[in-house]
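Here the structure comes first, spelled out in structure tokens, and everything after it is commentary.
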Amino acid sequence: MGELVNIFIKSAFIENLALSYFLGMCSYLAVSKTVKTAVGLGLAVIFVLAITMPINWVINVWLLGENGIFQTDLTFLRFILFIAVIASMVQLVEMVVEKYSPSLYNSLGIFLPLITVNCAILGGSLFMVSKEYNFSESVAFGIGGGFGWFLAIVAIAAIREKIKYSAVPPALRGLGMAFLLTGLMGMAFMGLMGIDPAAF
Amino acid sequence: MADTAVVEKKQGLTFGKKERKLLTDPLSENNPITVQVLGICSALAVTTGMKNALVMAIAVVFVCIFANVITSSIRKMIPKSVRMIVQLIIIATLVTVVELVLKAYAFESYKQLSVFIGLIITNCIVMGRLEAFAMANRPYESALDGLGNGIGYGIILLIVAFVREFFGKGEIFGAKILGATPDYWLNTSESSIMGWYQPNNLMVLFPSAMFVIAVIIWAHRAWKPQLVDVS
Amino acid sequence: MHNTSQTLRFVLIMTSIVAMLLALLQNGLKSKHDYNEALYSKKATLAAVANQLDIDFSSISSEQVTEIFEKQIKQSVINDEGVVIPKEDLEKDGVKNGKAENLDLVKQDKEPIDERLLPVYEFTKSDGNKYYIVYTRGKGLWDAIWGNIALESDLNTIAGVSFDHKAETPGLGAEIKDNKAWVKQFIGKKLYEPNGEFVGLEVRKGGAKDPMHDVDAISGATITGDGVEEMINTDIVAYDAYFDKLRK
């Protein structure tokens, strides 16, 4: 259990998908204009990461691995299967949410299709493979990674809401400023590098 | 993304004004990175050196062109309900091809790019062009559009990589240019006239890519004020 | 326009075409992949003795790497008691051709130290001097780091090292591989005191103090540096028994 908490803390803060690896930047920059939408997208990312990570783990180990059911190395199909799982999961989640919770759908719904092409989701799955996590670790990594991404997008949205009232040079307004801020936040997060999560 | 949808005509493969616009528009006016803000992730991770950036740019141009052409030629057969997944499978296949080929013929680059080759799949440029352009246009125009966008992306990648590699390591394409020892072309040790420069390690770190892109955007928008967003 | 069965047929046909295409490509390029993979680790091994080669290492070709490996290097696999494992036993364990270069080093690193198989490369320079290249593996800040350490024939002085890593930060931890000046510091350092006692190396913050055993740390990469130090000091001990036999 302690090991899983470690992985959660590590993936949420120390190896933050958005601010240490800069993954999922397209939607991060596009949807961070207000805190409200940022919270919606962030929640959707946590949700999808937590679902797709274990499924992709099962596919990677049982279907594609040398000790899987086909007994051959099929890793060259990894990209296709991973992205197919992500795309179909997103669609499935969208359908389920629409049917059973229209209010949640109204707040999350428009973001769900965006998530398929969010590199943080596919990147998370690929990192899981390269870090050789086991099943429960990959669940913890999925939730932690999603939470870290959520934190990052909400933080930048809050800053962008405030910075609207500052005298920024016109050409730097909006996008340029968002890049600068993310860079600064990334530097701040580098300060967390090397912290031993076991010390928490 | 305001696209001038090219009307489908039964004419030959001409290269006129419209086609030229398809090719040059993404280079500046509608640049995928600085204007459309797509495909940022890989722009950050692979730009520590120009060599990696070049390999990445070539890979993206390849995937862009072929994904556009393939999608465009089967666009009338793709069932609407599974459109996204079909597009993603096409892209994922092309990316796997890129990975297998790099592993066979450019192993060092393959090692250094590692997971970021896979992340071309979610490079929104490719997906965005398929959805916005290839689904509605002929293969020929789609190929030009893919080429234009791929190159527009590649140029920014190379500029960022140039700044980061030159000021961060004092090298260009791995060749030593600026540094504090005699084996550099511009020796900046105290005894020489260029003695003031110390390689800036910050440039090699991830956040610096953000700063470099921000400055590029700043310059680009100062030059073309119509791109400034009002919000 | 499209009904479900048509959709399904489309997806099925498309996926089978795609899978077939990729399988063909994968099969066609497999041998090249394996060759590259092997060459990459051979080159990393040779990088430890880069200064002792007759040719410039930075422009070495793949044929030259293979040639040097065949002509100038004698490879063997030992256990922690210093016994050289015969080729037949290794082949039985699934090591291809019973060669050290085909040993699965990641798997071996997970074994307890007294069951571990260790690769040793004996490099003979063109002037007849012998160098021993040993392998070490440890943990950096993010993930695994590993290195090849070349020792001179006194089995004490370091003749060269080459490090690699899985996921260290570019510009900080990744400097252990990229920063040639840092790697050069290791040359000439000693592992043992003159009386034969093992002291190992120290990657010291704030500059090296002991000229025999210290190297400067990389600023901003304390943990990776400590990882290098720990990796060398613990893994080389496993070779002790073998070195003792060689000394006799």
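Letters A, B, ... mirror the listed sequences (proteins, then strands); counts begin at 1.
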Notebook entry, point to check: Among A:L126, A:L81, A:I121, A:L77, which residue forms the greatest number of heavy-atom pairs with chain B at distances under 4.5 Å?
Noted result: A:L126
Next item on the list: Go through B:M84 and A:V90 one step at a time and tell me if the side chain to side chain contact (heavy atoms under 4.5 Å, CB included) criterion holds.
Entry: CA-CA 11 Å; B:M84 285 269 270; A:V90 168; over 6 Å; no
Notebook entry, point to check: By a 4.5 Å heavy-atom criterion (distance strictly below it), what part of A:L172 contacts chain B: side chain, backbone, both, or neither?
Noted result: both
Check: So which part of A:S20 gets closer than 4.5 Å to some heavy atom of chain B, the side chain, the backbone, both or neither?
Finding: backbone
Checklist line | OH-CG distance between A:Y21 and B:L119, expressed to the nearest 0.5 angstrom | finding: 12.0 Å
Item checked: B:I120 side, atom CD1; A:C119 side, atom SG - distance, nearest 0.5 Å -> 11.5 Å
Checklist line | Verdict with supporting geometry, A:I83 and B:T122, side chain to side chain contact (heavy atoms under 4.5 Å, CB included) | finding: CA-CA 9 Å; A:I83 199 70; B:T122 47; 4.1 Å; yes
Next item on the list: Identify the heavy atoms of B:A222 and A:A171 that sit nearest to each other, and give their distance.
Entry: N-CB, 3.6 Å
Next item on the list: Determine whether B:P207 and A:L184 make a side-chain contact, defined as any pair of heavy atoms from C-beta on separated by less than 4.5 Å.
Entry: no
Notebook entry, point to check: Closest heavy-atom contact between A:F79 and B:G118?
Noted result: CZ-CA, 3.4 Å
Check: With only heavy atoms counted, which part of B:I216 is less than 4.5 Å from chain A, the side chain, the backbone, both or neither?
Finding: neither
Check: Got more than 12 heavy atoms from elsewhere within 6.0 Å of CE, B:M135?
Finding: yes
Margin query: Apply side chain to side chain contact (heavy atoms under 4.5 Å, CB included) to residues A:F76 and B:E99 and explain how you reach the verdict.
Written below: CA-CA 9 Å; A:F76 62 93; B:E99 195 203 17; over 6 Å; no
Next item on the list: Begin with the C-alpha distance, continue with both residues' side-chain angles, and end with the deciding distance and a verdict on side chain to side chain contact (heavy atoms under 4.5 Å, CB included) for A:R78 and B:T96.
Entry: CA-CA 9 Å; A:R78 186 185 287 149; B:T96 315; over 6 Å; no
Next item on the list: Please tell me if the side chains of B:L202 and A:M187 come closer than 4.5 Å, counting only heavy atoms from C-beta onward.
Entry: yes
Check: Hey, are the side chains of B:V212 and A:F179 touching, using non-hydrogen atoms and a 4.5 Å cut-off?
Finding: no
Note to self: Looking at A:W57, I want to see if its CH2 is surrounded by more than 12 non-hydrogen atoms of other residues, nucleotides or ligands under 6.0 Å.
What the structure shows: yes
Note to self: If you count heavy atoms of other groups shown closer than 6.0 angstrom to CZ of B:F206, is the number above 12?
What the structure shows: yes
Next item on the list: Examine whether an atom of B:I91 lies under 4.5 Å from a heavy atom of chain A, and if so say whether it belongs to the side chain, the backbone or both; otherwise answer neither.
Entry: neither
Item checked: Side chain to side chain, B:F116 and A:L23, heavy atoms closer than 4.5 Å -> yes
Item checked: Close side-chain approach of B:L205 to A:M190, heavy-atom, < 4.5 Å -> yes
Note to self: Once rounded to the nearest 0.5 Å, what's the spacing between atom CD1 of B:I121 and atom CD1 of A:I86?
What the structure shows: 8.5 Å
Notebook entry, point to check: About how many Å separate CZ of B:R221 and CG of A:L175, when rounded to the nearest 0.5 Å?
Noted result: 5.0 Å
Notebook entry, point to check: Which pair of heavy atoms, one from A:G176 and one from B:A214, lies closest together, and at what distance?
Noted result: O-CB, 3.6 Å
Next item on the list: First locate atom CD1 of B:I213, then atom CG of A:L180, and finally report the distance between them rounded to the nearest 0.5 Å.
Entry: 11.0 Å
